[in-house]
Amino acid sequence: MNYLNYFLIIIGAIVAMYAKTGTNQNQYVLIGGIVLLMIGIYRISRNIKSRSLKDNDEGITKDD
């Protein structure tokens with residue numbers, strides 16, 4: 001399922017670059033490419049775990 005996310009990012013980037021080139025730019029194709037790109041990035045970023053405050057405090061020791 002992770003390959004779908006990378007596929008969306010690659011296809012979105014290619015479509016957005018394709019729509020931007022040339023003299024006759026199609027805004028709807030550009031928006032569609034950007035939407036695909038952002039959906040792929042969102043799907044990958046929601047699977048990344050964030051650090052909790054407890055994880056950061058475990059490695060810190062104070063020598064007073």
Side-chain angles (χ1 to χ4, degrees):
M1 202 61 178
N2 208 9
Y3 293 113
L4 177 65
N5 300 334
Y6 295 121
F7 181 73
L8 286 173
I9 291 173
I10 291 170
I11 294 300
I14 290 171
V15 169
M17 287 187 287
Y18 171 75
K20 194 66 177 161
T21 60
T23 57
N24 189 8
Q25 298 174 353
N26 192 348
Q27 296 297 320
Y28 296 112
V29 175
L30 178 63
I31 291 170
I34 292 172
V35 167
L36 286 175
L37 181 66
M38 296 308 286
I39 289 171
I41 292 172
Y42 169 73
R43 288 174 55 108
I44 287 177
S45 69
R46 73 176 179 184
N47 291 329
I48 298 173
K49 303 288 182 193
S50 63
R51 287 190 196 175
S52 66
L53 187 58
K54 185 178 178 182
D55 291 340
N56 290 337
D57 291 340
E58 287 179 355
I60 300 173
T61 58
K62 286 188 175 183
D63 294 329
D64 290 340

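The CD1 atom of Ile10 sits 11.5 Å away from the OH atom of Tyr3 when rounded to the nearest 0.5 Å. Summarising the geometry, atom CD1 belonging to Ile9 is positioned 11.0 Å from atom CD1 belonging to Ile39; distances are rounded to the nearest 0.5 Å. Taking CD1 of Ile31 as the reference point, atom CE of Met38 lies at 13.5 Å (rounded to 0.5 Å).
With sequence neighbours excluded, the residues satisfying side-chain contact (heavy atoms from CB on, under 4.5 Å) with Tyr6 are Asn2, Ile44.
Residues Tyr42 and Ile11 do not share a hydrophobic cluster, clusters being chains of Ile/Leu/Val/Met/Phe/Trp/Tyr side chains in contact below 4.5 Å. Note on Leu30: it does not cluster hydrophobically with Ile14, by side-chain heavy-atom contacts below 4.5 Å among ILVMFWY residues. With hydrophobic clusters built from ILVMFWY side chains whose heavy atoms lie under 4.5 angstrom apart, Val29 does not share a cluster with Leu37.
Here the shortest heavy-atom pairing between Gly12 and Leu36 reads CA-CB, 3.8 Å.
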